[in-house]
Amino acid sequence: MPIYTPPLRDMHFVLHELLGVADELARLPRHAEVDADTINAVLEEAGKFAAEVVFPLNQGGDLQGCTLDAATHEVRTPAGFKSAYDQYVAGGWPALSCDPAYGGQGLPLVLNQCLYEMLNSANQAWTMYPGLSHGAYECLKAHGTPAQQSTYLPKLVSGVWTGTMCLTEPHCGTDLGLLRSKATPRADGSYAITGQKIFISAGEHDMAPNIVHLVLARLPDAPTGSKGISLFVVPKYQVAADGSLGERNAVTCTAIEHKMGIHGNSTCQLNLDGAVGTLVGEPNKGLAAMFVMMNAARLGVGNQGLGLTEVAYQNAVAYAKDRIQMRSLSGAKHPEQPADTIIVHPDVRRMLLTARAWAEGARALACYTALQFDKEMESVDEAERRDCADLVALLTPVIKAFITDNAWQATSNCLQVYGGHGYVRDNGMEQYVRDARINMIYEGTNTIQSLDLLGRKVLADNGAKLKKFGRQIAAFVEEEGTNEAMQEFINPLADLGDKVTKLTTELGMKAMGNADEVGAAAVDYLRVVGHLVFAYFFARMAQVALARQGGGDPFYTAKLHTARFYFAKLLPETAALIRSARAGVAPLLAMDESMF
């Protein structure tokens, strides 16, 4: 049976020793009272909830899946899911980082980040039900009318109601400019929404009495394409003036998608047949408003990749320490046994250390980015808010794509550690692989994230956002440049920084002549930038570990081993990626379509 232990020690390391979160938060008026003891207490309780309440439901939920009653269009979630959600609400977890004005606890987002990492490790399918609600909260908080905010935000914050995002339609995936759903004005100022949406995570379920759907649709006189999309809030049950639930709205689940993974989450096809909704934000500006929720979801999906990487690693390590197979090539390591445990074999170590490095690097990046978001929202320094906003924008596609690509590799490697037993359902590893694969696709495929990074976040502003992050790297390199003990980390970091600068300039020049050059290089480019970011954080983690390993705590020795593995075995991938990015568009488009 699978195991899961919340990685609290590494979280404490990242938050307190690497990022100095308590000192950073002390500068923000809203979070000035959030000290290290408060952070640690919240993390401990969050870990208990994830490991003791949610994790035991993961395998059973995958086997049972969700059930649709075709007559009533109601969905029943797997056994135990609703009870766990009720405990989640009773514990106040939905409100952790939400605004106290709507009933939230007002704690920093960086704490919510750690909560959701643990929940995703424990049970990604279950975590998707409350996870999307936070994005709906952020969207309505930013763009909702006062009436919408007073009606929906307290319910979303408390977790009494959940939220969804309804974007995709059968004929269009990422290209939302093609969507056909219509919004017809009604006499009372509301709208009748008609259309079909697919792939709607948590679109229908029995865990909450109401579901707040955020729906993209077109007004009658809307321009074509993405400039003619409006956003509407469409509740499952209409809400009376006093906040009570009225009649069922005309939005129904017509089918549950039969998916490769995340079976415990009801990914629905929804039919809207004149469903009553209200406009969010300005007419024809819905896509921009929805991006608040989409960006939150992209950060959340990266967190799903991190969660799966961590839990897969923990299980693979436990198996490798127990399973005996063959003898070490250099001689028996456990002569008292008929064979050595497989953790002695170099390639098993490679697979385990790859997963460990991807998890530890992702945790540092995710927590750092969440902290930048906290500072963007709460800093009293306007320039700092702008800088943090730019860093969050730059790193969002990296978090979504790089972490989930790595999670797919990590979970697959961890399954491989089990050999044939990894392919057997009882051990749980094949579920992690299946669940990890979706994270590279939804909320904008990883290619879309790569195009966003190179085209919108880097080339569109002549590298201004990238340079802001680059200045942090340069300052760190300057600080440690004469520290002999840090050279094994500083030199490759500085070298890759120079190469990224040159590659970015080269791709920008080529794109001026042919925009397809961006599409040809973007995926390689994002991975190169992802490695630059990870190299920076691993170098910083090594700096801390070097300073503290003398105390005898093996944690710091292990951190150094992981950092050295990353620089020796994973970072060299960038050489091939840079060469591939420079190959340009010709090898991809030279062949005529008819030859395929």
Side-chain angles (χ1 to χ4, degrees), residues 1-8 42-68 74-98 103-105 111-137 155-164 201-212 236 256 259 261-268 300-301 303-304 306-308 310-311 314-315 428 431-432 434-435 438:
M1 294 293 290
I3 60 169
Y4 175 63
T5 301
L8 297 180
V42 171
L43 292 182
E44 183 175 356
E45 291 305 312
K48 288 179 182 177
F49 180 82
E52 297 173 9
V53 178
V54 181
F55 178 66
L57 303 174
N58 190 46
Q59 276 192 300
D62 181 67
L63 290 171
Q64 184 179 353
C66 296
T67 306
L68 172 67
E74 299 281 351
V75 169
R76 185 174 68 252
T77 54
F81 271 42
K82 184 180 187 311
S83 175
Y85 186 75
D86 290 344
Q87 294 179 63
Y88 179 78
V89 172
W93 295 111
L96 190 69
S97 63
C98 295
Q105 297 180 40
L111 262 178
N112 209 59
Q113 154 65 35
C114 294
L115 163 67
Y116 269 82
E117 180 201 322
M118 291 185 279
L119 291 176
N120 280 312
S121 284
N123 192 330
Q124 176 174 317
W126 181 92
T127 302
M128 290 168 65
Y129 289 100
L132 285 169
S133 300
H134 196 78
Y137 156 81
K155 297 293 188 180
L156 290 170
V157 166
S158 66
V160 173
W161 297 349
T162 63
T164 74
S201 300
E204 169 62 32
H205 57 78
D206 58 357
M207 291 168 64
N210 204 12
I211 303 173
V212 182
K236 174 180 175 179
I256 297 176
K259 308 183 298 296
I262 53 171
H263 296 152
N265 193 269
S266 56
T267 309
C268 298
V301 172
N303 211 12
Q304 290 172 348
L306 166 55
L308 291 173
E310 175 65 34
V311 71
Q314 289 187 20
N315 282 271
Q431 181 186 349
Y432 297 138
R434 288 187 287 105
D435 287 357
I438 185 61

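Worth knowing before you read on, the calculation uses all heavy atoms, side chains too, and leaves out hydrogens, waters and symmetry mates.
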Are any non-hydrogen side-chain atoms of [X] and [Y] less than 4.5 angstrom apart?
X      : Y      : result
Asn210 : Lys155 : no
Thr127 : Gln304 : no
Val75  : Asp206 : no

Within this structure, what is the [atom1]-[atom2] distance for the pair [X] and [Y], rounded to the nearest 0.5 Å?
X      : Y      : atom1 : atom2 : result
Trp93  : Gln105 : CH2   : CD    : 7.5 Å
Glu204 : Thr77  : CD    : OG1   : 10.5 Å
Leu68  : Cys268 : CG    : SG    : 7.5 Å
Leu308 : Asn303 : CG    : CG    : 10.0 Å
Phe55  : Asn123 : CZ    : CG    : 9.0 Å
Leu115 : Leu96  : CG    : CG    : 6.0 Å

Between the main-chain N or O of [Y] and the side-chain N or O of [X], is there a donor-acceptor pair closer than 3.5 Å?
X      : Y      : answer
Thr162 : Pro130 : no
Thr164 : Gly203 : no
Asn58  : Val54  : no
Gln314 : Thr5   : yes
Asn120 : Tyr116 : yes

Locate the shortest heavy-atom distance separating [X] from [Y]; write the atom from each residue and the value.
X      : Y      : value
Gly47  : Pro6   : O-CG, 3.4 Å
Gly264 : Pro78  : O-CD, 3.7 Å
Gln59  : Pro2   : OE1-CD, 3.2 Å
Gly307 : Ser121 : O-OG, 2.6 Å
Leu43  : Cys114 : CD2-CB, 3.4 Å
Met118 : Ala50  : O-CB, 3.7 Å

* Plane angle bin for Phe81 and Tyr129 - parallel if under 30°, tilted between 30 and 60°, otherwise perpendicular ->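 Aromatic pair Tyr129/Phe81 classed perpendicular.
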
Whether Trp126 and Tyr88 hold their rings parallel, tilted or perpendicular, with breakpoints at 30° and 60°: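 The rings of Trp126 and Tyr88 stand perpendicular, inter-plane angle above 60°.
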
Begin with the C-alpha distance, continue with both residues' side-chain angles, and end with the deciding distance and a verdict on side-chain contact (heavy atoms from CB on, under 4.5 Å) for Asn112 and His134.
CA-CA 10 Å; Asn112 209 59; His134 196 78; 4.3 Å; yes

Checklist entry - Should Asn265 and Gln124 be marked as a side-chain contact (heavy atoms from CB on, under 4.5 Å) after you check the CA-CA gap, both sets of side-chain angles, and the distance that decides it? => result CA-CA 9 Å; Asn265 193 269; Gln124 176 174 317; over 6 Å; no

Worked verdict on Lys82 versus Asp86 for side-chain contact (heavy atoms from CB on, under 4.5 Å) | CA-CA 6 Å; Lys82 184 180 187 311; Asp86 290 344; 3.2 Å; yes

Can you confirm whether Arg76 is buried at CZ, in the sense that more than 12 heavy atoms of other residues, nucleotides or ligands lie under 6.0 Å from that atom?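 No, because the 6.0 Å sphere around CZ of Arg76 holds 12 heavy atoms or fewer from other groups.
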
Determine, step by step, whether His263 and Gln431 satisfy the side-chain contact (heavy atoms from CB on, under 4.5 Å) criterion, reporting the C-alpha distance in whole Å, the side-chain angles of both residues, the deciding distance to 0.1 Å, and the verdict.
CA-CA 10 Å; His263 296 152; Gln431 181 186 349; over 6 Å; no

